[in-house]
Amino acid sequence: MGWGNWRPRFNFGQLKVQSKVSVFLTMILIVTYLFYCLTGYCESLPRPLYDQQSLRGKVHTDDGTVHLSQPHGPGAHWNVSVLRDLPLSSGHKSETAAGSRGQTAVSSSDNITVSNNFGTKEFPQAIIIGVKKGGTRALLEFLRIHPDVRAVGAEPHFFDRFYDKGLEWYRSLMPRTLEGQITMEKTPSYFVTREAPRRVHAMNRHTRLIVVVRDPVTRAVSDYAQTLSKTPGLPSFQALAFKNTTTSSSSSSSSSSSSSSTPTLPWGLVDTSWSAVRIGVYAKHLEAWLRYFPLRRFLFVSGERLVSDPAGEMGRVQDFLGLKRVVGAKHFLLQPDQGLPCLKKPEGSSRPRCLGKSKGRAHPPIPQGALQRLREFYRPFNLKFYQMTGQDFGWD
C-alpha cells in the first residue's frame with residue numbers, strides 16, 4: 001500500500017464519550033470543592049508555611065508579654081502547627097500572657113490559646129479583687145446574668161496562694177468564651193495581698209479591677225460573725241480588736257448588750273494585726289495597687305448601694321466593663337428574711353434565686369463603745385480613701 005492511499009482513522013464517537021466523562025468528573029470535583037469551602041472545611045486546610053527564620057523574628061515581647069505580630073498580606077494567618085515547633089530565645093519565659101483580647105500567646109511551653117468550636121480559654125479581662133465581706137459574691141452572681149460575661153464560680157486564689165502553679169494552670173480554670181464575651185473571676189483577698197498588684201500587672205497591665213467596699217466597721221463585725229459561726233469558742237470581738245484592754249473590757253463576751261455605750265471603758269489601741277481590722281484600712285491597700293495600675297483601671301462599688309439599689313450599681317459596673325446594660329431593675333426583688341436582693345426567677349422556675357444562708361447572717365451584739373472607738377480609728381483612713389477614689393461613701 002502506497003503512502004498516498006493511507007487515511008487516518010479515528011473513532012470520533014469514542015472520543016466524544018470520553019470528553020463528556022472528563023467534563024462531568026471535573027464538574028463534580030468543582031462542586032464538591034465549593035461545597036466544602038462554603039461549609040467551612042477549607043479553613044482547616046494547611047496554611048502557607050512562612051519562612052521560619054522570619055517568623056522567629058516576629059515573636060517579640062511587649063511589656064513582658066510574648067505575642068505575635070500579624071503576618072503581612074491579605075488573609076494571611078499563622079500556621080499554629082509550625083509555631084509549636086519554632087524555638088524561642090532563652091529570654092522568653094514560659095510565664096507569659098496575651099496582652100489583650102485577640103492576641104495569640106506563645107511561649108516555650110507551647111503557650112497557645114486553646115480553641116475549638118465552643119470558644120477559647122482566655123485570661124480574665126476583669127477581676128473582682130476585693131473586699132472580703134463587702135458584697136463580692138452578690139456582685140459576681142448579678143454579673144453572671146449578663147450573656148456577655150463568663151466567670152469562674154469558685155475563687156481561684158491564683159495571685160495569692162497558687163502563683164507557683166503558673167499562668168497556664170490559671171488559664172485552664174477559666175470558662176470558654178466566644179467573640180465579644182469577657183472572662184472574669186473574683187478573689188477578695190487579692191486586694192490585701194502585697195504581691196498581687198505586681199503579679200496581676202505582669203499578666204496584663206490592662207486588666208480592669210473591681211473593688212466592692214463597705215463601711216469598715218460593719219465589715220469587720222461581719223467578718224467576725226462569719227469566723228464565729230465556724231469557731232464557736234472564739235474570743236469576743238472587742239478582745240480581738242483591741243490591744244492592752246483591761247480585764248473588764250477584754251472579758252466582755254460577745255453577748256454583751258448592744259445598748260452599752262459607756263465612753264469611759266479603756267478599750268486600748270486598735271489591733272491592726274487582726275485581719276478583720278486590717279482589711280478595712282482601704283486607703284493603705286489601694287496605695288499598693290496604684291503603684292502598678294492607674295486609677296482609671298479601677299471601679300469602686302458601694303456594698304451598701306449594691307443592696308439598696310442593685311440596678312443602679314450594676315449599671316455602673318456594666319458601663320465600666322464596656323457591656324450593654326442588660327442587668328437592670330427587672331432582675332431584682334428583695335429577699336424578705338435577709339433584706340438582700342434576690343434574682344427574679346427565670347421562666348419555668350418556681351422560686352427566685354437568692355444568696356446562700358451564710359449571707360446576711362445576724363451579727364453578734366457588740367458594745368457601742370467598742371464600735372465608736374473603731375469608727376474613730378477608721379475615720380482618717382476613710383477620708384483619705386474618699387480623696388483617692390473621688391467618691392464619698394458616706395461612712396462617717
Side-chain angles (χ1 to χ4, degrees), residues 95 97-98 101 121-146 149-177 181-214 216 219-220 222-223 226-227 230 274-293 297-303 306 313-314 317 320-321 355-356 358-359 385 389:
E95 189 179 286
R101 189 176 181 83
K121 289 195 172 188
E122 305 279 358
F123 292 111
Q125 292 86 32
I127 304 177
I128 301 173
I129 60 173
V131 297
K132 180 183 178 184
K133 305 309 295 179
T136 57
R137 172 54 59 182
L139 176 60
L140 187 67
E141 291 304 314
F142 297 164
L143 274 171
R144 293 174 80 175
I145 303 174
H146 202 291
V149 173
R150 297 297 312 281
V152 183
E155 297 175 1
H157 283 281
F158 174 66
F159 295 105
D160 59 346
R161 298 180 188 174
F162 303 117
Y163 194 66
D164 59 338
K165 291 183 178 290
L167 284 168
E168 284 307 302
W169 176 85
Y170 181 50
R171 180 161 58 182
S172 71
L173 302 179
M174 300 299 129
R176 295 187 181 276
T177 54
Q181 293 181 321
I182 65 171
T183 306
M184 292 190 65
E185 71 114 318
K186 77 108 177 170
T187 305
S189 53
Y190 290 163
F191 189 60
V192 298
T193 300
R194 183 176 57 184
E195 300 83 7
R198 174 179 53 82
R199 291 171 175 178
V200 175
H201 185 271
M203 178 191 73
N204 185 356
R205 62 189 178 92
H206 299 293
T207 304
R208 292 182 175 94
L209 306 168
I210 300 177
V211 189
V212 188
V213 289
R214 183 183 182 188
R219 196 221 65 81
S222 179
D223 197 340
Q226 183 183 55
T227 307
K230 301 175 182 179
W274 186 32
S275 63
V277 170
R278 186 175 65 252
I279 291 173
V281 187
Y282 303 141
K284 180 179 180 181
H285 304 306
L286 181 57
E287 283 179 343
W289 283 89
L290 289 177
R291 294 190 186 105
Y292 291 89
F293 292 92
R297 290 287 165 194
F298 293 85
L299 177 69
F300 301 95
V301 177
S302 167
L306 194 60
E313 284 299 282
M314 288 305 300
V317 174
F320 175 72
L321 296 175
L355 299 174
S358 63
K359 306 300 180 182
F385 186 66
T389 62

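Keep in mind that the numbers below use all heavy atoms, side chains included, and drop hydrogens, waters and symmetry copies.
Remark: the backbone N or O of Pro188 is not paired with any side-chain donor or acceptor of Glu155 at under 3.5 angstrom. Remark: the backbone N or O of Phe159 is paired with a side-chain donor or acceptor of Arg199 at under 3.5 angstrom. One N or O on the side chain of Arg219 and one on the backbone of Lys132 form a donor-acceptor pair closer than 3.5 Å. The closest donor-acceptor contact from the side chain of Arg214 to the backbone of Gly135 lies at 3.5 Å or more, if one exists at all. Side-chain atoms of His285 do not come within 3.5 Å of backbone N or O of Tyr190 as any donor-acceptor pair. Remark: the backbone N or O of Arg176 is paired with a side-chain donor or acceptor of Arg150 at under 3.5 angstrom. A donor-acceptor contact shorter than 3.5 Å is absent between the side chain of Lys121 and the backbone of Arg171.
You'll find the side chain of Met314 reaches within 4.5 Å of the side chain of Leu139, heavy atoms only. A 4.5 Å side-chain heavy-atom check between Val131 and Thr136 finds every atom pair outside the cut-off. Annotation: side chain of Asn204 is not in contact with side chain of Phe123 (no heavy-atom distance under 4.5 Å). The closest side-chain heavy-atom distance from Arg297 to His206 is below 4.5 Å. Counting heavy atoms from C-beta on, the side chains of Phe385 and Val281 never come closer than 4.5 Å. Contact annotation: the side chain of Tyr170 approaches that of Pro156 to within less than 4.5 Å [non-hydrogen atoms, C-beta and beyond].
The aromatic rings of Trp289 and Phe298 sit perpendicular, their planes meeting at an angle over 60°, well past the 30° parallel limit.
Considering CG of Leu321 and CD1 of Ile210, their distance stands at 4.5 Å, rounded to 0.5 Å. For the atom pair CE of Met203 and CZ of Phe158, the computed distance is 8.5 Å after rounding to the nearest 0.5 Å. For the atom pair CG of Leu173 and CD of Glu185, the computed distance is 9.0 Å after rounding to the nearest 0.5 Å. Atom CE of Met184 is separated from atom CD1 of Ile128 by 4.0 Å, given to the nearest 0.5 angstrom. Note that the CG atom of Asp160 and the CZ atom of Arg194 stand 13.0 Å from one another [nearest 0.5 Å]. Atom OH of residue Tyr292 and atom CZ of residue Arg198 lie 6.0 Å apart, to the nearest 0.5 angstrom.
Lys284 and Glu287 are not joined by a salt bridge, as no carboxylate oxygen comes within less than 4.0 angstrom of a charged side-chain nitrogen. Salt bridge present: Glu141 and Arg144 bring a charged side-chain N and a carboxylate O closer than 4.0 Å.
Of all heavy-atom pairs between Ser222 and Lys133, the closest is OG-CE, 3.1 Å. Ala151 and Leu140 make their closest contact through CB-CD1, 3.6 Å (heavy atoms, listed as atom of the first residue, atom of the second, distance). In terms of heavy atoms, Ala276 sits closest to Ala220 at O-CB, 3.4 Å. Considering all non-hydrogen atoms of both residues, Gln125 and Thr183 come closest at OE1-N, 2.7 Å. Pro175 and Val152 make their closest contact through CD-CG2, 3.7 Å (heavy atoms, listed as atom of the first residue, atom of the second, distance).
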Quiz item: Is there a side-chain contact (heavy atoms from CB on, under 4.5 Å) between Val200 and Phe293 once you walk through the steps?
Solution: CA-CA 10 Å; Val200 175; Phe293 292 92; 3.8 Å; yes

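Phe300 and Tyr282 have their aromatic ring centers separated by at least 6.0 angstrom.
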